[in-house]
Novice: 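Let me begin by handing over the structure; questions about it come next.
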Amino acid sequence: MMNEAVKLTAKDFTSDQEVRWCPGCGDYAILKCIQRTMPEIGATPENTVFISGIGCSSRFPYYMSTYGFHTIHGRAPAIATGVKLANPELDVWMITGDGDGLSIGGNHMLHILRRNVNVNILLFNNEIYGLTKGQYSPTSKEGTRAPSTPYGSIDRPLNPCSFALGSGARFVARTIDTAQKHMPGVFKAAHANKGASFVEIFQNCIVYNEDVFADFTNKKVAADHQLLLEDGKPMIFGKESNKGLRLKPGTISLEVVTIGEDGVTETDIVVHDQTNRVMAQLLVELDRNVFPVALGVIYADPAPSFEEAVHAQANEVKAERGAGNLNALIRQGRTWEVT
Amino acid sequence: MSEDNSGSGSGSDHLESVVVRFAGDSGDGMQLTGSQFAVSTALAGAGLSTFPDFPAEIRAPIGTTFGVSAYQINFGSNDVMTAGDAPDVLVAMNPAALKVDLPLLRAGGMVVLDTGAFTDRNLKKAGFEANPLEDDTLAKYQVLKIDVTKFTLEAVSEFGLGNKDALRSKNMWMLGLMLWMFGRKRKPITDWLSEKFAKNELVRDANIGALNAGHAYGETAELSIGMKRYEIAAQEHEPGTYRTVTGAQAISWGIAAAGQLAKTQIMLGSYPITPASLVLHELARMKDFDIITFQAEDEIAAICSAIGASFAGSLGVTSSSGPGIALKTEAIGLAIVTELPLIIINAQRGGPSTGLPTKTEQSDLYQALYGRNADAPLPVISVRSPSDCFYAAIEAVRIALKYMTPVMLLTDGYIQNAAEPWLIPDMDTFEPIEVEYAKAPDDGSDFSPVTRDAETLTRHWPKPGTKGTEHRIGGIEKDYDTGHISYAADNHQRMGDIRRDKVAGIAKDIPAQDVDQGADKGAMVVVGWGSTYGPISQAVRRARKAGLDVSHIHIRYLSPFPANLGDLLAGFDKVLVPEMNMGQLVTALRDKYLTPTIALNKVSGQPFKIEEIHEAIQNEHPAQAAE
């Protein structure tokens, strides 16, 4: 056991491997933030496992000094599920991207969320395939020009958080690679949730898709284009903190209003209830041409985790039948003696 | 019936062996009837081998030929090793069953049929233009025409069931008659019915009533229709406690046993597929053991969850059939490159593609040996019979854990479903399987996950949760010393060599290839693997009895081959290789030893008949050619 007197630091979670992402890649900031956050949530290297698929972000485990498994494209959720079933005590983090997690691994993502396996899932969304040199991804905007779509992509993009909610996720959150103050809180909340925690991180690929999120991540526009959600607090945003979201009368939809204009007061603004699934659906799908981008914990309504239930069921059977005896088992049923 | 009693049709009472085939509509309960007959036969001490032969459709349209489900059982007082070539007795519950299975019956064999089912409508559905009961279709057979439908209704009328429900007991009536015919006891069946329908007394009583009525019919109608009672003596077995076991049971129990011997948790990740699902079903029940089962969302997730479990320090197991194994291929490569223990059970079926899901074949040998990208060797072990699955599974686990490697365990659809008597072993007599997890270096040096045993070349097994053995592994090539990512040219060569040598070295740790029958050199050897064991064994026995110099070698370890196999094969003038594929072992033997071989191939979805192999031995034997 870890000696409690020894306080761990980010260094204790940093491996000796040289980080090999492109200079200026958003992944660096996420890695640093995770390494800083680990000691704060009481994690230990020996009890922590980082599991990834394939892609730029999936190199992540090599840079952590914890247990790590860099697996195959899209399959990290299945590997992570196996790890948690084998040993529910391990603290498992899954690192994936928009191609890995939502294209080739979309099926596994659906099922790890629906089963509610207690894994913290960090999906680095840069809306592009980086490692394979810039093809469009399932989250790329329509019209994305890439080597495989020289005249612009045609298919409509997928909204990761909407997918997660639709898959039955009980924890859905969003943050931004450069938001060093915002990210730790989201990671801590994800870790505290005992089930599948889905976190979409808007991550800037400076080589193949630079500034694709700049319209809401740039410092200059951030205040007017980001809605930083807090449970129990009204959905207020804007430089002057005077804009907010309210339910459009007579509809199930949101609208942006200004407090102090047209008789709008703070009491008209929707108060964030993170257990409200319908509101979560509205928030993740806000059109960012008109609305701010909802960030933070969008939905959190905990439910028992899959692996916990699997082991509880097995323990019930064990309690009823006693520990399995193979000699007895293979002699059950009809047997006969030859003398 | 066995050749020594070829006159059985003319009325001999004591037989060495008999093949009975129960055939009817999918909904007639033939699998149940056959397996209960098998139980009763086993309890009487006869040797037996069974062959359930059912359609892929769960409920094909009633009365059609593609809905015919059959259960064949061969039993006798001598060594029964196959489900028998040609049935001696065919039980046909409807015209479609007669249509499909009559060609299998040996000339002079007996047909027992339910005339009540031979209605115009059923005849038409089966594709008969004329009623076979009225023309010469059945001329060369003994025929027992019984209106089982009518007798069953009479027998169960007292219970007040509707016609439809009452007729569900037809199979029990027929079973009663067959129990009488072969002198089998009814009690094991009535006990089973009482237990099965404990909560539905009406159904229980109707079934038992029908069973007793069928039996009584045999007794009372004997003289009037010339029915015979056959006596089959008990087979001489080694003393001990016996049970019947199917391949699916035995392989599941073998995995469970190995987990106990290794004191290691088993995690089965599986996805439903015929005929492999039976393993998932069996292990899912065994929650009182240290076994977790996980029905994954697909084949890939199934194997990946197993790999995840092995990474976490449990033993991952995955089970599937050819098409599913194909989907798992990339993940198998991951287990090979990360050197994690893993058991991959392949219950082979007819292919390619979806092929013949419920029929048997052994055509995934290429897939097991070669079916991965890059140089990715893994050990391949095969099973030869239902009870052999138990021991083969334990051996697969031993090798997987000792060498930190995925192991492919090849069984097939026939073995999964077939049953045979099994001398139940005492688990306390098995050698434990040693498992030791990696330890943190005590000199403060950096931990490497790829520290190897100099002799076996096995890396050690770090277990997450252990302080000091934290490490990162993955599908990217790793440095020989540190386990970190390495793209160095020399290192990749070295790691490729290690992967090859580690698996090749297992040849030193497996038993030398033995000769099952005959001398270890001579004019001819028949070489097989997997479920062809029974028919090859019997065919070789038959040929040897007739004076031919022929031996039988049956290979369990298909990769690596036993170290002496090449020399052994070189000692024979001719090598005959019967396989339920188009010649895959033949390729492997030629590849490894340049052995000239004669291929005998069958891909009909049915197991080999003894006679097919016997004939090939006769035709190809040097002694024949010399004449």
Side-chain angles (χ1 to χ4, degrees), chain A residues 1-2 15-17 44-47 49-52 54 61-62 64-75 77-87 89-90 107-108 110-111 310-311 313-314 316-318 320-327 329-331 333-339, chain B residues 39 42-43 45 188 237-244 253 256-257 260 265 267 269 286-290 292 294 296-298 300-302 304-309 311-314 316 330-331 334 338 424-428 446 462 464-476 484-485:
Chain A
M1 284 302 289
M2 173 65 46
S15 81
D16 60 356
Q17 295 298 290
T44 60
E46 68 268 24
N47 208 42
V49 185
F50 275 82
I51 298 171
S52 62
I54 293 290
Y62 290 117
M64 299 293 296
S65 63
T66 61
Y67 284 90
F69 200 172
H70 178 213
T71 70
I72 44 178
H73 207 9
R75 319 304 171 196
I79 303 255
T81 300
V83 169
K84 283 301 279 186
L85 281 171
N87 184 357
E89 302 302 317
L90 296 171
N107 185 35
H108 309 305
L110 184 160
H111 291 281
V310 166
H311 283 270
Q313 189 184 56
E316 260 174 50
V317 176
K318 276 178 196 144
E320 193 187 304
R321 290 192 211 154
N325 178 331
L326 204 77
N327 261 330
L329 176 83
I330 58 183
R331 283 168 177 75
R334 280 174 280 197
T335 61
W336 66 97
E337 298 293 328
V338 173
T339 47
Chain B
V39 165
L43 291 173
H237 283 292
E238 210 180 309
T241 308
Y242 283 78
R243 65 169 301 137
T244 60
W253 295 346
Q260 290 204 330
Q265 176 177 266
M267 213 300 280
M286 297 172 65
K287 298 217 184 302
D288 44 342
F289 290 81
D290 205 6
I292 299 166
F294 171 55
E297 59 270 26
D298 64 20
I300 299 171
C304 284
S305 65
I307 292 171
F311 176 76
S314 297
E330 187 194 11
L334 178 69
T338 53
I424 306 172
D426 180 356
M427 288 314 303
D428 299 334
D446 287 344
T466 310
K467 192 168 162 57
T469 65
E470 296 88 349
H471 67 285
R472 279 63 58 193
I473 52 169
I476 295 182
H484 294 316
I485 290 181

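Below, chains carry the letters A, B, ... as their sequence lines are ordered, and counting in each starts from 1. Here the structure is a predicted model, which means the values were calculated and not measured.
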Novice: Using ring-ring contact (aromatic ring centres under 6.0 Å, His included) as the criterion, list what pairs up with H111(A), not counting sequence neighbours.
Specialist: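 None.
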Novice: Identify which part of L326(A) has an atom lying under 4.5 Å from any heavy atom of chain B, answering side chain, backbone, both or neither.
Specialist: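 Both backbone and side chain.
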Novice: Checking heavy atoms, do the side chain of L329(A), its backbone, both or neither come under 4.5 Å from chain B?
Specialist: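 Its backbone and side chain both get close to chain B.
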Novice: Using 0.5 Å steps for rounding, measure from the NZ atom of K318(A) to the CG atom of D290(B).
Specialist: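 If I round to the nearest 0.5 Å, the distance is 5.5 Å.
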Novice: Is the closest side-chain heavy-atom distance between H311(A) and I292(B) below 4.5 Å?
Specialist: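 A side-chain contact under 4.5 Å exists here.
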Novice: Identify, with sequence neighbours excluded, every residue that meets ring-ring contact (aromatic ring centres under 6.0 Å, His included) alongside F50(A).
Specialist: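 Only F60(A), W93(A) meet the ring-ring contact (aromatic ring centres under 6.0 Å, His included) criterion with F50(A).
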Novice: So for D446(B), is it side chain, backbone, both, or neither that comes closer than 4.5 Å to the heavy atoms of chain A?
Specialist: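 Contact with chain A: side chain only.
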Novice: Given heavy-atom pairs under 4.5 angstrom as the criterion, report whether the side chain, backbone, both or neither of E297(B) touches chain A.
Specialist: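 Looking at E297(B), backbone and side chain both touch chain A.
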Novice: Measure distances from D16(A) to the heavy atoms of chain B and classify the residue's part below 4.5 Å as side chain, backbone, both or neither.
Specialist: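 It is the side chain, since no backbone atom gets that close.
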Novice: Under a 4.5 Å heavy-atom cut-off, does chain B meet the side chain of R321(A), its backbone, both or neither?
Specialist: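 The side chain, not the backbone.
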Novice: If we define contacts as heavy-atom pairs under 4.5 Å, which of V49(A), T66(A), L110(A) has the most with chain B?
Specialist: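 Result: the option with the highest number of such pairs is T66(A).
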Novice: Top residue by heavy-atom pair count (under 4.5 Å) with chain B, among I54(A), N47(A), L90(A)?
Specialist: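 Counting heavy-atom pairs under 4.5 Å, the top option is L90(A).
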Novice: Between atom CE of M267(B) and atom CG of N87(A), what is the distance when rounded to the nearest 0.5 Å?
Specialist: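 Result: 12.5 Å between the selected atoms.
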Novice: Report which part of E337(A) has an atom under 4.5 Å of a heavy atom belonging to chain B: side chain, backbone, both, or neither.
Specialist: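 Contact with chain B involves both backbone and side-chain atoms of E337(A).
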Novice: Does the plane of the ring in W336(A) sit parallel, tilted or perpendicular to the ring in Y242(B)? Use 30° and 60° as the thresholds.
Specialist: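 The arrangement is parallel - the two ring planes meet at less than 30°.
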Novice: What part of A331(B) gets within 4.5 angstrom of chain A, counting heavy atoms only: side chain, backbone, both, or neither?
Specialist: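 Contact with chain A: backbone and side chain both.
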